[in-house]
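These notes concern the structure reproduced below.
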Amino acid sequence: MSEDRRITMRLTRIENTLEEIKRNITAPVPPDRKITVREAAEIMHCSDQRVRDAIHDGSLKAERNGRRFFLSLYDVRERAGYATLEKNGRPDSFNLKGRNYDYTTDQRD
């Protein structure tokens, strides 16, 4: 793959991420509801098994109904980093997923 193509693909991913952040900041907070493991995996951009592993190790709370697990939409969105986007007081940084991120230098704490 050519270097120009790689740069174009990376810029596209960056633009998509910025658009997603913009949508999440301006979107109204959805009401809390119970969601399935598959829905949680889609929100968190991971596999169903990774969500089940997080449930079993205790990092995600879930209610069990028979063989199925149901999770809180708020908990899943917080784990995915949607609910924790906050300004840190510096104009060039924000807190994403519990870590400070300075987008002018592309550095994470």
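When a residue number appears, it is its place in the shown sequence, counting from 1.
If you check the side chains of Asn16 and Glu20, you find no donor sitting under 3.5 Å from an acceptor. Between the side chains of Asp57 and Ser59, at least one donor-acceptor pair of N or O atoms lies under 3.5 Å.
Counting heavy atoms from C-beta outward, Glu39 and Thr36 have side chains that approach closer than 4.5 Å. Taking 4.5 Å as the limit, some side-chain heavy atom of Arg33 sits within range of a side-chain heavy atom of Ile35. When side chains are defined from C-beta on, Glu19 does not count as touching Ile14, because their heavy atoms never get closer than 4.5 Å.
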Output a table of donor-acceptor pairs, distance under 3.5 Å, between side-chain atoms of residues 64-73 and any protein atom two or more places apart or on a different chain; print 'none' if there are none.
{"from": "Arg64", "atom 1": "NE", "to": "Gly66", "atom 2": "O", "distance (Å)": "3.1"}
{"from": "Ser72", "atom 1": "OG", "to": "Asp32", "atom 2": "OD1", "distance (Å)": "2.9"}
{"from": "Ser72", "atom 1": "OG", "to": "Asp32", "atom 2": "OD2", "distance (Å)": "3.1"}
{"from": "Ser72", "atom 1": "OG", "to": "Tyr74", "atom 2": "N", "distance (Å)": "3.3"}

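Open room surrounds CZ on Arg50; 12 or fewer heavy atoms of other groups in view lie less than 6.0 Å from it.
If you take CD1 on Ile7 and OG on Ser2, they are separated by 8.5 Å, rounding to the nearest 0.5 Å. Between the CG atom of Leu60 and the NE2 atom of His56 there is a distance of 11.5 Å, given to the nearest 0.5 Å. Here the OG1-CZ distance, from Thr8 to Arg10, works out to 12.5 Å after rounding to the nearest 0.5 Å.
Ion pairing of Lys61 with Asp75 is absent here, as no side-chain N (NZ or NE/NH1/NH2) approaches a carboxylate O to less than 4.0 Å.
Scored by the side chain to side chain donor-acceptor pair (under 3.5 Å) test, Lys34 finds Glu63 as partners (sequence neighbours excluded).
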*Step-by-step side-chain contact (heavy atoms from CB on, under 4.5 Å) determination, Glu42 to Val37*: CA-CA 9 Å; Glu42 289 175 9; Val37 169; over 6 Å; no
